Amino acid sequence: MPELPEVETIRRGLEGRAVGRQIVDTEVCHPRPVRRTSAHHLIEGSVGATISGLKRRGKYLIIVLDSGHEIMIHLRMSGQIIAAARRESRPRHTHVAFILDDGQELWFIDPRTFGEVVAFDPLQLETTIPELAGLGPEPDQISLAELRRILRTRRRQIKALLLDQTVIAGLGNIYGDEILHWARVRPDRRSNSLSPLSERRLHTAIGAVIANAIAAGGSTLGDGQYVDVSGASGSFQHAHRVYGRAGQRCLTCGRGWIRRVVIAQRSSHFCPVCQR
DNA sequence: GCCCTAACCTGCGCGC
DNA sequence: TGCGCGCAGGTTAGGG
């Protein structure tokens, strides 16, 4: 579910609610989210510390503690983070709960248990969370020249390249499709086959789609799975032009019909008229 | 470097 | 009503 815009929306929500609060207790109710280390490790690394900041890298959310340690949360496919009053009953699949000193709790909820919550020492990042250390640049920080270098030195299908977190951090299946539509590039094009104009359009599209999605609070699909920390839905799904619209007429050109193909084992949606 | 498959899990919608 | 099937926003490992 959550890609960069959803994680950024969660980060901003937590920033307003949790910074300056002390974690007085941490409850681990399921071993899967703490599988990388242990429940004991997360509890030891969090209880008694005060939250001094919230960071994000790609789809990784990072809680910064005054102890010098940090907590990494990755939501993967079905994870949610909800801030609620302590008196409220926890929903099903609440696997980790951070209890704060102001009567709030932060819940990590994850039906499919792919997500992770890991306390770590930032000085040991390379060994503890190597994939976080190896992320590519943020979409809003990559220059046109850098993007061109990446595109021209590889020949993978462009959609697969955009999904590769070591190339650009934070893009997922929804925004990959929307970016390629905005850029008018077919998802199965080889990255080194793009014209200079298409490269420029792709660079613009990456920045614009992600910025617009963040401004809209992310995308909440029909299953309602993604919500922000207060349980509110995003609205960028109303701006989707291709994702989830297979078989429908293209909203951009009005002539093509949105097709669904599989690229890199993921469904990809595009307009064969607009995107070349 | 790149591609493909399998795996990790649960929930939901659909067809029969 | 109930069952089986396919599919789902992410990522890694292993083999070729």
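We use all heavy atoms of the structure for the numbers below, so side chains are in, but hydrogens, waters and symmetry mates are not. For clarity, every value in this text was computed on a predicted model and none was experimentally measured. Each chain gets a letter, A, B and so on, in the order the sequences are listed, and its residues count up from 1.
One side chain, A:T113 or A:R32, offers a donor N or O that lies under 3.5 Å from an acceptor on the other.
When the P atom of C:dG10 is taken as reference, atom CD of A:Q165 falls 8 Å away, rounded to whole Å. If you take CG of A:D164 and P of C:dT11, they are 10 Å apart, rounded to a whole angstrom. Rounded to whole angstrom, the span from the CG atom of A:L4 across to the P atom of C:dT11 amounts to 11 Å. The CG atom of A:L61 sits 17 Å away from the P atom of C:dG10 (whole-angstrom rounding). For A:R36 and C:dG10, the CZ to C1' distance is 13 Å, given to the nearest whole Å.
With A:R200 contributing its side chain and A:T204 its backbone, the two residues share no donor-acceptor pair below 3.5 Å. Between the A:S235 side chain and the A:A216 main chain, a donor and an acceptor come within less than 3.5 Å of each other. Although no hydrogens or angles enter the test, the distance criterion places a donor-acceptor pair under 3.5 Å between the side chain of A:Q165 and the main chain of A:L163.
Using a 4.0 Å cut-off, some side-chain N or O of A:R154 falls inside it from OP1 or OP2 of B:dC2. Phosphate contact (OP1/OP2 of B:dG11, side-chain N/O of A:H93, threshold under 4.0 Å): present.
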What pairs of nitrogen or oxygen atoms, one from the protein and one from nucleotides 3-6 of chain B, lie under 3.5 Å apart?
{"from": "B:dC3", "atom 1": "OP1", "to": "A:R190", "atom 2": "NH1", "distance (Å)": "3.0"}
{"from": "B:dC3", "atom 1": "OP2", "to": "A:R156", "atom 2": "NE", "distance (Å)": "2.9"}

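Taking NE2 of A:H74 as the start and CD of A:E131 as the end, the distance is 8.0 Å to the nearest 0.5 Å.
The shortest side-chain heavy-atom distance between A:D177 and A:H240 does not fall under the 4.5 Å cut-off.
If you find the closest nucleotide of DNA chain C to A:L163 and to A:R112, the one lying nearer the 5' end belongs to A:R112.
Among the heavy atoms of the strands, none lies under 4.0 Å from A:R35.
Stem regions for DNA chain C, each three or more consecutive Watson-Crick or G-U pairs with both distances under 3.5 Å and listed by first number, read B:2-8 with C:10-16, B:10-16 with C:2-8.
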